[in-house]
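The structure under discussion appears below in the form of structure tokens.
Indexing begins at 1, ligand by ligand and atom by atom, following the structure's order.
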Amino acid sequence: MSNQFPVSRPRRLRSSDAIRSLFQEVEFNLGDLVLPIFVEEEVSEYTAIAAMPGVRRIPESKLAYEIERYARAGIKSVMTFGVSHHLDHVGSDTWNENGLVARMTRICKDTVPEMVVMSDTCFCEYTSHGHCGVLHDHGVDNDATLRNLGKQAVIAAQAGADFIAPSAAMDGQVQAIRRALDEAGFIDTSIMAYSTKFASSLYGPFREAGGSVLKGNRRSYQMNPMNRREAIRESLLDEQEGADALMVKPAGAYLDIIRDIREASRLPLAAYQVSGEYAMIKFAAAAGAIDERQVVRESLGAIKRAGADIILSYFAMDIAEQGL
Ligand code: PBG
Ligand code: ZN
């Protein structure tokens with residue numbers, strides 16, 4: 001009884017800025033954020049992405065300039081996505097040692113060696129059909145795709161990528177990549193697995209950003225958003241396969257899953273605040289409905305509170321430049 005009102009008054013710990021700050025439970029800083037970037041080959045101009053106000057595709061020729069700018073602003077890490085003009089049935093440009101995946105990585109690492117480069121490892125931006133792997137009659141061929149993921153991972157590692165980040169949602173992809181990297185001598189290259197990746201409609205704006213040619217959907221390989229047990233199982237499988245870090249994607253609508261995986265694994269956990277989450281905040285703010293900076297802070301804080309160590313966010317550069 002004595003722990004109840006009027007003895008207990010939680011408002012005491014909210015009575016000034018200093019007290020509130022002293023008792024704040026979670027915080028995040030720039031060092032926790034990864035900036036996803038889109039790099040387009042064979043063009044000379046930036047392309048604005050209508051569905052993601054403030055985000056532009058970077059022409060490859062301006063990538064070095066951009067990386068320097070990010071580093072100066074305090075960005076510690078980028079996730080690279082290529083916008084390819086060399087599509088084929090399997091996405092073979094990704095394992096060409098002078099292909100876009102290799103070149104993007106090399107430019108980043110040559111320009112700012114201490115920038116942590118995560119190479120998104122998939123095929124959907126390099127295939128003529130837009131699927132995340134080798135397409136056969138009945139859909140995406142899991143095991144044929146694994147061989148190609150291994151080849152792409154080695155090419156990215158050779159070019160200097162610090163992290164291979166497989167997002168194809170194929171079974172066994174972490175194991176296949178770990179083996180390929182180790183066989184090629186890249187024992188120190190890490191794997192940040194998109195270990196729980198939902199088939200989410202919140203990826204909509206990304207498809208415009210990446211110039212996706214996909215017709216159809218990815219529901220035969222990405223997860224059903226309604227499934228919680230399976231979400232935990234997927235991440236634990238990647239842990240067993242040798243992932244160095246796990247990820248939940250999207251983030252904001254899946255805070256329960258972030259918490260579940262945080263409690264089920266001891267690996268570091270990332271969460272990806274995806275294009276649709278970014279767009280919802282940007283457009284609501286542009287309409288005057290919400291305060292952008294405060295909602296960004298609140299949404300990223302909530303992702304941390306749920307249990308994420310690292311957050312991938314298109315707001316990372318805004319935060320670097322404007323603070324929180
Ligand atoms: C593709 C990929 C997607 C995203 C990252 N990698 C889209 C998809 O799976 O359809 C989405 C990122 C975002 O929406 O911000 N493997
Ligand atoms: Zn893909």
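The aromatic rings of Tyr314 and Phe38 lie parallel to each other, their planes meeting at an angle below 30°, with 60° marking the opposite boundary.
Applying the 4.0 Å criterion to heavy atoms of Arg218 picks out, from ligand 1, the atoms 8 (C), 9 (O), 10 (O). For ligand 1, the atoms lying closer than 4.0 Å to a non-hydrogen atom of Tyr314 are 12 (C), 13 (C), 15 (O). The ligand atoms of ligand 1 that sit less than 4.0 angstrom from a heavy atom of Cys124 are 1 (C), 16 (N). Residue-ligand proximity, Phe81 to ligand 1, at heavy-atom distances under 4.0 Å covers atoms 5 (C), 6 (N). For ligand 1, the atoms sitting less than 4.0 Å from at least one non-hydrogen atom of Lys197 are 1 (C), 2 (C), 3 (C), 6 (N), 9 (O), 16 (N), numbered in the order shown with element in parentheses. Every atom of ligand 1 is numbered from 1 in the order shown, and the set under 4.0 Å from a heavy atom of Arg207 is 8 (C), 10 (O). Those atoms of ligand 1 with a heavy atom of Ser167 less than 4.0 angstrom away are 6 (N), 16 (N).
Remark: minimum distance from atom 12 (C) of ligand 1 to any protein heavy atom is reached at Phe206 CD1, 3.3 Å. For atom 14 (O) of ligand 1, the nearest non-hydrogen atom of the protein is Ser275 OG, 2.7 Å. Considering only non-hydrogen protein atoms, atom 9 (O) of ligand 1 sits nearest to Gln222 NE2, 2.7 Å.
By the 4.0 Å heavy-atom criterion, Lys249 is counted among the residues contacting ligand 1. Residue contact annotation: Glu125 has no non-hydrogen atom under 4.0 Å from ligand 1.
Under a cut-off of 6.0 angstrom, the local environment of CD in Glu292 is crowded, with over 12 non-hydrogen atoms contributed by other residues, nucleotides or ligands. In Lys76, the NZ atom is not crowded: 12 or fewer heavy atoms of neighbouring residues, nucleotides or ligands sit closer than 6.0 Å.
Both Leu255 and Leu202 are part of a single hydrophobic cluster, where members link through side-chain heavy atoms under 4.5 Å apart. Under a hydrophobic clustering in which Ile, Leu, Val, Met, Phe, Trp and Tyr are joined whenever their side-chain heavy atoms come within less than 4.5 Å, directly or via other members, Leu30 and Val116 fall into the same cluster.
Between the side chains of Gln273 and Ser299, at least one donor N or O sits under 3.5 Å from an acceptor N or O.
Annotation: the span from Asn148 atom CG to Phe123 atom CZ amounts to 5.0 Å, rounded to 0.5 Å. Atom CG of residue Leu246 and atom CE of residue Met192 lie 9.5 Å apart, to the nearest 0.5 angstrom.
Residue Asp244 comes nearest to Pro268 through the heavy atom pair O-CD, 3.4 Å, listed as atom of the first residue, atom of the second, then distance.
Contacts of Cys122 with ligand 1, taken as heavy-atom pairs under 4.0 Å, involve the side chain alone.
Between Cys132 atom SG and Cys122 atom SG, the angle centred on the Zn ion (ligand 2) amounts to 100° (nearest 10°).
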